[in-house]
Asks: 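Submitted below is the structure of interest, expressed as C-alpha cells.
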Protein chains: 2
Amino acid sequence: MLDLAVLGLLKEGDLHGYELNKRLKSLVGGYANSYGALYPALARLERRGWVSSTAVAPDIAVDEQVTDESPRRNRRRTTRSKPGRTRKVYQITEAGEDHLLELLQEDANNERRFRLQLAFCRFLPPDRRLALFELRRAHLVSLQAMARRDPVHSNDPYVRSLFQRDQERREHDLAWLDRLIADERANRPQAPTDR
Amino acid sequence: MLDLAVLGLLKEGDLHGYELNKRLKSLVGGYANSYGALYPALARLERRGWVSSTAVAPDIAVDEQVTDESPRRNRRRTTRSKPGRTRKVYQITEAGEDHLLELLQEDANNERRFRLQLAFCRFLPPDRRLALFELRRAHLVSLQAMARRDPVHSNDPYVRSLFQRDQERREHDLAWLDRLIADERANRPQAPTDR
DNA sequence: GGTTACATGTAACTAGTTACATGATTAG
DNA sequence: CTAATCATGTAACTAGTTACATGTAACC
C-alpha cells in the first residue's frame, strides 16, 4: 500500500525519503508512516525497477569544486544554503508508471487502499476511474446489506451506539461516493454509446 | 487486539474457536478475522494463563454408550444433535479478567482498538469508562486540530473531496462521542466531590 | 548550549491475511 | 453424491510500528 502512495507522489515530482514521509503524513492523516516502513519500501521499489535514485549533495548551486588544500574555514563556507546530509532523490520510471496504474485499479474492499487510490485517481483514464468508484460503491452496498441481514443482537447500550454510528457512517459514505460518481458522469458526456 | 476481543467475548460466556470467529465477524464487521489469526491467539492466551480450555465431545446429552453389536442404523441415531468434531471450549481465568480490564483502558489513538474497547466497556467501572471516552475525545480533538493547522494543499478535486469527507467524519464522530459522554454523566450523578 | 528539523537507515516487534491441510456431518 | 457447515490448525506472506543508531545544521 505504501508502494501506491510512494509511486503516486513520485509521479507528481521527484522527491527524497524525508520529504516523501512528510507528504505521506498529510495525505494519510492520522497514520504514523514512520521511516521504518518507508526506506525499506523505497529500496524494494528500486530493486524492482519502479523507481530510480540519484544522490544529491546538500550544497546546491554553491561554488566550485573545493581544491584539496583549501583550509577548514573555506570548507565551512562552501557547505551553506541547504541542510545537512546527502539526500537520495527518487524518480518514478516508466515501468513504475505502469505499475501505478495497476495499483490504482486493484480491489476496492480496503478502506485505506481506496483512500490512496482516490488521492491519485486523476492519473487514471476517466473510464477506469469511474470503474474504480463503482467497484467501491458495490463493496459499500454489500457491507450495508450484510449489516442489515443480521442486526445487533446485543442489548448493551454501548454496543448499540457503536453499531448505529457504523450505520450512519456507511450511509454518509455512500452518499458521498454517489456525489463523486454523479460529478464524474456529468464531466464527461462523451463516449456516446453507438447508435 | 484480538486478545481484547477474545477475552471480552469469553467474559460473556465460554466458547470454542469456531463460534468465537463468528461472533468476531459480526462484532468487527468488515474484517476478515480468519482462523489463521484466531487459533494462534487462543494458544497464546492459554500459554499466558488468561484462558483455559476443555475438550468437549460433539455428542452431548444423547443416550447411552453404544454397545458394539449395535447395527449402523442405531449408530446413526446415537450420533445426532451436534455436528462433527471434538471442540475446545475456552473459558476466561481470573488473571484473564484482570488483563481484560487493562486492555480496556489502553491508549485511545487506535480506531480499531477503541471499537473493541467500546464493545466491552460495560465491564469497566463507570469512572474508568468515562476516562476512556475522554481519552478518545482528546485524541479526536487533536486530529481535528492537526487537520486545521495544515489544510489541503492540493487543487485536485478528488483529493479535496476526500479531505472534506474526512472533516465531516471527524465532526460526526466527535458529536457522537459527546452524546456518549453526556449520557454517561447523566446516568451517574453520584460521586459527590467532597465538600 | 539545548531543542528542533533535516536526513537515512536497521532490527525487532505487532497485527492480520491468504492459502493450505484435514476431516466429520448435514441438507438438498 | 455433492455442496455447505462445522471444526481445528499451520505456513507463508503482507503491512505497518517502535525503538534504535548516527550525524548535521539552524534557531533561540
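Below, chains carry the letters A, B, ... as their sequence lines are ordered, and counting in each starts from 1. We use all heavy atoms of the structure for the numbers below, so side chains are in, but hydrogens, waters and symmetry mates are not.
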Asks: Just to be sure I understand the rule, does A/G36 reach a base, reach only the sugar-phosphate, or reach nothing, if contact means heavy atoms closer than 4.0 Å?
Replies: base
Asks: Whole angstroms only, please: what is the CZ-P distance between B/R23 and D/dC6?
Replies: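 Computing the B/R23:CZ to D/dC6:P distance gives 13 Å.
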Asks: Can you check whether B/R137 reaches B/L174 side chain to side chain, under 4.5 Å on heavy atoms?
Replies: yes
Asks: Distance check needed: D/dA15 C1' versus A/N109 CG, whole Å only.
Replies: 15 Å
Asks: Angle between the two end axes of the helix from C/dG1-D/dC28 to C/dG28-D/dC1, five base pairs per end, rounded to 10 degrees?
Replies: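 Taking the rotation axis at each end, their angle is 40°.
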Asks: Expressed as a whole number of angstroms, how long is the span from B/Y35:OH to C/dA15:P?
Replies: 22 Å
Asks: Side-chain contact, heavy-atom cut-off 4.5 Å: B/D107 with B/F114?
Replies: no
Asks: Find the distance A/L38:CG to C/dG9:C1' and express it as a whole number of Å.
Replies: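 Checked: the CG to C1' distance equals 11 Å.
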Asks: Rounded to whole angstrom units, what separation is found between the NE2 atom of B/H16 and the C1' atom of D/dT5?
Replies: 11 Å
Asks: Can you see if the side chain of A/Y39 gets near the phosphate of C/dT8 - specifically, an N or O under 4.0 Å from OP1 or OP2?
Replies: yes
Asks: Taking A/S53 as the fixed residue, which of A/K88, A/E46, A/R87 is the one that meets the side-chain hydrogen bond (donor to acceptor under 3.5 Å, both in side chains) rule?
Replies: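 Output: one option passes, namely A/E46.
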Asks: Pairs of donor and acceptor atoms involving the side chains of residues 139-147 of chain B, under 3.5 Å and at least two apart or interchain, shall be tabulated with distances.
Replies:
unit_1	atom_1	unit_2	atom_2	d
B/S142	OG	B/H139	O	3.1
B/Q144	OE1	B/R170	NE	3.1

Asks: Heavy-atom distance under 4.5 Å between the side chains of B/L118 and B/F133, does that happen here?
Replies: yes
Asks: With the side chain of A/Y18 defined as its heavy atoms from C-beta on, choose the nearest nucleotide among C/dG16, D/dA15, C/dC6.
Replies: C/dC6
Asks: How do A/E19 and A/A37 order along DNA chain C: which one's closest nucleotide is nearer the 5' end?
Replies: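 This one resolves to A/E19.
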Asks: May I have the distance from B/R87 (atom CZ) to D/dA7 (atom P), rounded to whole angstrom?
Replies: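 Interatomic distance, CZ of B/R87 to P of D/dA7: 5 Å.
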Asks: Looking only at side-chain N and O atoms, does B/K22 come under 4.0 Å of OP1 or OP2 in D/dA7?
Replies: no
Asks: Distance to the ring centre below 6.0 angstrom and angle to the axis at most 45 degrees; does that hold for B/K11 and B/F120?
Replies: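 No.
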